[in-house]
Amino acid sequence: MEKILDLISNEVMRAFKANGYNEKYGKVTLSNRPDLCEYQCNGAMAAAKEYKCAPFMISDKIAGSLKDKEMFESVESVKPGFLNLKLNLEYLVNYLRGMEKDKERLGCNKCENPKTIMIDYGGPNVAKPLHVGHLRSAIIGESVKRIGKFMGHNMIGDVHLGDWGLQMGLIITELKERMPELVYFDESYNGEYPKEPPFTISELEEIYPTASGKSKEDVTYKEAAMQATYELQHGRKGYQALLEHILNVSVNDLKRNYENLKVSFELWKGESDAQPYIPDMVQKMKEDGFAYISEGALVVDVKEDTDTKEIPPCMILKSDGASLYNTTDLATIVWRMRDYNPDEIIYVVDKRQELYFTQVFRCARKTGLVKPETELKFLGFGTMNGKDGKPFKTREGGVMRLEYLVTSINEEMYKKITDNHTVEEAEGQKTAKLVALSAIKYGDLSNQASKDYIFDTERFTSFEGNTGPYILYTIVRIKSILKKYQAEKTLPQQAEILPAHSNSEKALMLEISKFNAIMENAFEESAPHKVCAYIYDLANAFNHFYHETKIMAEADEMVQAGYIKLLELTKKVLEICIEVLGFEAPERM
RNA sequence: GUUCGAGUAGCUCAGCAGGAUAGAGCAUUUGCCUCCUAAGCAAAGGGUCGGGCGUUCGAAUCGCCUCUCGAACACCA
């Protein structure tokens, strides 16, 4: 369906044109004076300059020719030159009926030209637990992906594991010290390696920090780790078998953690998957004359004439010939283009890496790794801070494990729920998990991704105001009425949404009608927070209506049935929205 | 130092292709459960939109200057 704002704009633009003015002045916006009107057009004041006359002369004329249009309930021309518009009830109701008919998408058209978009939003390291630093990337990336999918794009999420480099060597070295008898360390061994990993995830999570600590103090240990890394990367069989185990154990655990957050990835690729592409890529950059030696390192110039600041060259190989993060990221682009040929790649990464990614993107473009029209988008997010405004830490000052954070909020939530109601243990736990997740995700997503934000556990778990739980509560209220209605009667065949009986009902309808425009805009700007702001408004509008309207007590069957239809539509809109945000509502709470 | 970002109510944040009285939530104060879940609704107080200058009929929004804070600035990822 066409967006309602466009339909209105088109009508007003036609009126401008019909009166001999440039139609561009007919653009309509949402009213910022809801007490006066629902939509407004300020074009007359801008047009006054061009046509050298008083603004209200123009707005009067336009109002005159719009007055009889069935779209509007009222059109007023006000003082300097505002056009204040109110939508006709029938017109609005018809629009909602149209939305309702489109059961899956509620009138939100899929995009005309679906794109293949890869989205890189994980970045967890193998053998290290997820910590709060991984939260934003996961939450924002997942939501952007879901919004894209809803709009009809082919979205491919890639976790992009940190599974390459010294950390692997460190783990192997530590394992060797602890269990030198393992066959993986026997170079003469030729048989099959055991299927069972020689460690559990919790052992692995302890091994890495231990090894990392040792390597900082003990030079020999570090050298051993570097040697192990080298041998691993050059095909030592036993080590590669160990790497398999490390990956499997670690990835299983990561998947479990991400599942708890309702985050999933289409691809579980890692930095190691990019390594095979490096030699050819580097070779080609040299042959094509892009890469040259500067201060010993192999670099590609990426500065442009329009730069307002110095953009250092993109380094491809260190002066010792080793590859680095840039190399891996560029090589990752190589396989992504080769295997998926995406129209766009989105990186959901800490915003502090912006300059770095500017270099990588420019280098990829300049050296022809991507097509000229391939979009490389940096979606930087800000830091998650504690209540003191400084980066989020545990009470002891360490990095908080994500699992711990989630569990503690789950428990907090369970307490609140059981304080308020008596619920069965199992249902209470399940509800607590859903509500907790909404608190965490909404708390994050309702902020603009690019800004730092304060993760205030108390605020997020207090459930008042603009929070995830408030949204869920609204949905639960609707579900509750619908259930009650269904228990008592069946919806008449001819039931339809009827023209609003009150201001609050119309206000609710107006909110609902914005749905497709919001989704489209949220996708275009990769901005989940717009969806949050929308459902908050929608939930407010509903609660206002709910408070004024006794739905179950309504005597007129058809009026009541109309309310039920409106409630169903409201619920669907809310549910689609929280679905793209990445959480869901319980039946009761 | 250079560049980028931020500065809006006591606190956390919206608003920023210029528009009519700058909006929410929390906190504070006050009403509303014989009535579909009060995790709700209604209402009050609270602001020189960091400061200055400019463009404009009109600026939180655009331009310039300035102050404060944060971040980034080639061999880390």
Please identify each residue that fulfils salt bridge (Lys or Arg N to Asp or Glu O under 4.0 Å) with A:Glu304, with sequence neighbours left out.
A:Arg362

Check the distance between B:G25's P and A:Tyr473's OH and give it to me in whole angstrom.
16 Å

Looking at every strand, decide which applies to A:Asn42 at a 4.0 Å heavy-atom threshold: base, sugar-phosphate, or nothing.
base

Strictly under 3.5 Å: I want the nitrogen or oxygen pairs between protein and nucleotides 73-75 of chain B, one per line.
residue : atom : partner  : partner atom : Å
B:A74   : N6   : A:Glu295 : OE2          : 2.8
B:A74   : N1   : A:Ser294 : OG           : 3.2
B:C75   : O2   : A:Ser319 : N            : 2.7
B:C75   : O2   : A:Ser319 : OG           : 3.1
B:C75   : N3   : A:Ser319 : OG           : 3.1
B:C75   : N4   : A:Glu295 : O            : 2.6

A:Val349: partners by side-chain contact (heavy atoms from CB on, under 4.5 Å), with sequence neighbours left out:
A:Tyr347, A:Gln353, A:Phe357, A:Phe378

Classified by glycosidic angle (syn within 90° of 0, else anti), B:C53 comes out anti

Mind listing the N/O atom pairs, protein and nucleotides 10-18 of chain B, below 3.5 Å?
residue : atom : partner  : partner atom : Å
B:U12   : O2'  : A:Arg459 : NH1          : 2.8
B:U12   : O2'  : A:Arg459 : NH2          : 3.1
B:C13   : OP1  : A:Ile454 : N            : 3.4
B:A14   : OP2  : A:Lys451 : NZ           : 2.9
B:G15   : OP2  : A:Gln448 : NE2          : 2.9

Kindly write out the residues that satisfy side chain to side chain donor-acceptor pair (under 3.5 Å) with A:Asn42, not counting sequence neighbours, or none if the list is empty.
none

Quick note, salt bridge (Lys or Arg N to Asp or Glu O under 4.0 Å) partners involving residues 442-456 of chain A, not counting sequence neighbours, are A:Arg136-A:Asp444, A:Lys351-A:Asp452

Tell me every residue that passes side-chain contact (heavy atoms from CB on, under 4.5 Å) with A:Lys309, counting only those two or more places apart in sequence or in another chain.
A:Ile311, A:Leu355

Evaluate whether the aromatic ring of A:Phe82 and the six-membered ring of the B:A20 base sit under 5.5 Å apart, centre to centre, with an inclination under 30°.
yes

Kindly write out the residues that satisfy side-chain contact (heavy atoms from CB on, under 4.5 Å) with A:Ser480, not counting sequence neighbours, or none if the list is empty.
none

Residues forming a salt bridge (Lys or Arg N to Asp or Glu O under 4.0 Å) with A:Asp6, sequence neighbours excluded
A:Lys3

Touch class at under 4.0 angstrom, heavy-atom based, for A:Gln40 against every strand present
base

What pairs with A:Lys550 under side-chain contact (heavy atoms from CB on, under 4.5 Å), at least two apart in sequence or on another chain?
A:Ala553

Starting the side chain at C-beta, find the nucleotide from B:G40, B:U3, B:G19 nearest to A:Lys309.
B:U3

Which atom pairs, one a donor and one an acceptor, fall under 3.5 Å between side chains of residues 74-84 of chain A and the rest of the protein, sequence neighbours left out?
residue : atom : partner : partner atom : Å
A:Ser77 : OG   : A:Ser59 : OG           : 2.8
A:Ser77 : OG   : A:Asp60 : N            : 3.4
A:Ser77 : OG   : A:Asp60 : OD1          : 2.6

I need a per-nucleotide contact map over nucleotides 27-36 of chain B, read 5' to 3'. Cutoff is protein heavy atoms under 4.0 Å; write B for the base, S for backbone only, - otherwise.
S-------BB

hbond_proxy A:Asn84 side chain to B:A20 base (donor-acceptor, 3.5 Å cutoff):
yes

